[in-house]
Protein chains: 2
Amino acid sequence: MENLKDCFQKLKDSGLKVTPQRLAIVKILEGNTCHPSADKIYNEVKKKYPMISFATVYKTLKVLAEIGEIQQLKIVEKKVNFDPNTDPHNHFFCKKCREIRDVFPGKKINLKEIDGHLIEKYQVYFYGICSKCRKQN
Amino acid sequence: MENLKDCFQKLKDSGLKVTPQRLAIVKILEGNTCHPSADKIYNEVKKKYPMISFATVYKTLKVLAEIGEIQQLKIVEKKVNFDPNTDPHNHFFCKKCREIRDVFPGKKINLKEIDGHLIEKYQVYFYGICSKCRKQN
DNA sequence: GTACTTGCAAACAGTTTGCATAGGC
DNA sequence: GCCTATGCAAACTGTTTGCAAGTAC
């Protein structure tokens with residue numbers, strides 16, 4: 001997500017509307033490096049829109065992901081966390097404080113430590129179309 | 001997971017029992033490169049033990065993960081998939097066939113393609129203890 | 001005015017839990 | 001015989017859906 005204007009333009013370009021609820025959610029996400037869950041976003045936006053429902057939050061987050069303004073992280077069990085930074089970068093999940101921290105590429109990784117974080121394990125997930133399915137098409 | 005014997009030894013060493021159900025589940029997982037979900041494992045083991053319950057499957061998988069015989073993959077939305085190969089390697093999820101394929105390190109990755117699989121996006125997740133929490137201890 | 005969006009409630013999927021019974025060692 | 005494991009059902013978490021009413025453009 002670049003900025004509010006860009007985000008709203010993309011929404012409009014996709015035939016979607018800029019509602020007060022969406023504005024509030026986008027404002028919470030813009031520049032946010034905390035990787036909030038839907039739950040966190042719901043509680044935050046509730047302060048300004050006490051009537052907002054979980055459904056609206058989820059639907060908005062789905063829409064924002066679809067137009068490429070945010071990305072979903074499946075780093076914590078069961079939950080999805082959201083990141084407005086869609087540039088390539090990695091994530092560190094601390095089992096103690098349970099926070100997700102950004103880890104930017106170009107750093108030395110010795111598979112034991114990165115940015116001072118102690119690495120116990122790591123996972124690399126690729127998403128796309130496998131060689132078999134590419135051939136079938 | 002090395003082999004059945006090793007696995008059972010580890011169970012016993014942890015004060016856990018080798019039951020027919022656990023034997024059946026471990027047999028399904030041994031050498032399995034399909035990354036089955038709990039659901040798949042349940043249906044497979046049901047063929048031999050029609051009375052087995054989901055609870056038993058989940059409890060067994062939890063136990064096996066705890067003693068380090070299998071690892072959990074959070075690559076697909078909502079579900080957890082299980083991998084008896086705990087050596088460092090990566091995973092590719094195909095959005096067409098929805099299968100998870102192993103990708104072994106040491107390969108050239110140009111971030112567009114690996115093993116003939118078309119990469120649309122990728123995620124790197126590190127797990128451990130962050131620098132902040134390390135200092136506090 | 002016409003889609004699209006909202007908020008509610010209910011449904012849903014995957015997983016976990018409590019508990020009485022069964023069974024491994 | 002003790003303690004762990006099983007199977008059932010019910011609970012739980014995070015997320016999604018259908019729908020009537022509301023609203024952006």
Side-chain angles (χ1 to χ4, degrees), chain A residues 4 7-26 35-67 70-82 93 98 100, chain B residues 4 7-26 35-67 69-82 98 100:
Chain A
L4 293 182
C7 187
F8 293 155
Q9 196 54 53
K10 265 203 185 167
L11 279 171
K12 285 177 191 166
D13 292 349
S14 306
L16 302 166
K17 287 167 186 169
V18 179
T19 63
Q21 291 91 333
R22 284 183 180 166
L23 172 63
I25 291 170
V26 169
H35 315 89
S37 59
D39 179 65
K40 277 257 176 66
I41 294 165
Y42 169 72
N43 282 301
E44 192 62 33
V45 75
K46 226 172 136 101
K47 291 178 189 168
K48 219 180 166 184
Y49 287 88
M51 296 305 291
I52 203 167
S53 70
F54 256 115
T56 300
V57 172
Y58 275 110
K59 283 170 189 169
T60 297
L61 292 169
K62 196 181 180 186
V63 157
L64 292 173
E66 276 166 5
I67 63 173
I70 61 174
Q71 66 170 326
Q72 299 180 226
L73 307 179
K74 290 188 276 279
I75 191 168
V76 187
E77 210 87 42
K78 287 184 189 173
K79 267 187 200 179
V80 173
N81 292 268
F82 298 90
F93 178 71
R98 302 189 64 78
I100 299 169
Chain B
L4 293 184
C7 186
F8 294 156
Q9 197 52 54
K10 266 202 184 167
L11 278 171
K12 284 177 192 165
D13 292 349
S14 306
L16 302 165
K17 286 167 188 170
V18 178
T19 63
Q21 290 92 332
R22 285 184 179 166
L23 172 65
I25 291 170
V26 168
H35 316 90
S37 58
D39 177 67
K40 277 257 176 64
I41 293 165
Y42 169 72
N43 281 301
E44 192 62 33
V45 75
K46 225 173 138 100
K47 291 178 188 168
K48 219 178 167 187
Y49 287 88
M51 297 304 291
I52 203 166
S53 70
F54 256 115
T56 301
V57 172
Y58 276 110
K59 283 169 188 169
T60 298
L61 291 169
K62 196 180 179 187
V63 157
L64 291 173
E66 277 165 5
I67 63 173
E69 287 295 288
I70 61 175
Q71 67 170 327
Q72 299 179 223
L73 306 179
K74 290 188 276 278
I75 191 168
V76 186
E77 210 85 42
K78 289 184 188 174
K79 268 186 199 179
V80 172
N81 292 269
F82 298 89
R98 302 190 63 79
I100 298 168

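First the proteins, then the strands, lettered A, B, ... as listed; each starts at 1.
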Once you build an axis from the first five pairs and another from the last five of the helix from C/dG1-D/dC25 to C/dC25-D/dG1, how far apart in angle are they, to 10 degrees? 40°
Tell me which residues in residues 54-63 of chain B lie within less than 4.0 Å of DNA chain D, going by non-hydrogen atoms. B/Ala55, B/Thr56, B/Lys59
What are the 5'-most and 3'-most nucleotides of DNA chain C lying under 4.0 Å from any heavy atom of chain B? C/dG14 to C/dC25
Regarding A/Pro20, tell me which of base, sugar-phosphate or nothing describes its non-hydrogen contacts under 4.0 Å with the strands shown. sugar-phosphate
So do the side chains of A/Leu73 and A/Phe82 get within less than 4.5 Å of each other, counting heavy atoms only? no
Under 4.0 Å, heavy atom to any atom of DNA chain C: which of residues 72-81 of chain B qualify? B/Lys78, B/Lys79, B/Val80
A/Glu44: which residues meet the side chain to side chain contact (heavy atoms under 4.5 Å, CB included) condition with it, sequence neighbours left out? A/Ile28, A/Lys47
Could you identify which residues of residues 8-18 of chain A place a heavy atom less than 4.0 Å from some atom of DNA chain C, listed by residue number, or say none? A/Gly15, A/Leu16, A/Lys17
Listed partners of A/Lys59 passing side-chain hydrogen bond (donor to acceptor under 3.5 Å, both in side chains), at least two apart: none
Could you list the residues that satisfy side chain to side chain contact (heavy atoms under 4.5 Å, CB included) with A/Lys79, not counting sequence neighbours? A/Ser37, A/Asn81
Check whether any side-chain heavy atom of A/Phe8 sits under 4.5 Å from a side-chain heavy atom of A/Val26, and report yes or no. yes
For the student: nearest non-hydrogen atoms of A/Tyr42 and A/Ser53, plus distance: CE1-C, 3.8 Å
What's the separation between atom CD1 in A/Ile52 and atom CG in A/Asn43, rounded to the nearest 0.5 Å? 11.0 Å
Side chain to side chain contact (heavy atoms under 4.5 Å, CB included) with A/Glu66: which residues, sequence neighbours excluded? A/Lys62
What pairs with A/Tyr58 under side chain to side chain contact (heavy atoms under 4.5 Å, CB included), at least two apart in sequence or on another chain? A/Ala38, A/Phe54
For A/Lys40, what residues pass the salt bridge (Lys or Arg N to Asp or Glu O under 4.0 Å) criterion, not counting sequence neighbours? none
Which pair of heavy atoms, one from A/Ile67 and one from A/Cys7, lies closest together, and at what distance? CD1-O, 4.4 Å
Identify the two heavy atoms, one from B/Val57 and one from B/Ile41, that lie closest to each other, and give their separation to 0.1 Å. CG1-CG2, 4.1 Å
When the distance from CD of A/Gln21 to C1' of D/dG22 is rounded to whole Å, what number comes out? 10 Å
Could you tell me the separation between the CE atom of A/Met51 and the P atom of D/dG22, rounded to a whole number of Å? 12 Å
Within-4.5 Å side-chain heavy-atom neighbours: B/Val45 and B/Thr56: no
Pairs meeting criterion side chain to side chain donor-acceptor pair (under 3.5 Å) with involvement of residues 11-24 of chain B, two or more places apart: B/Gln9-B/Asp13
Given side chains that start at C-beta, do those of A/Gln72 and B/Glu77 come closer than 4.5 Å, heavy atoms only? yes
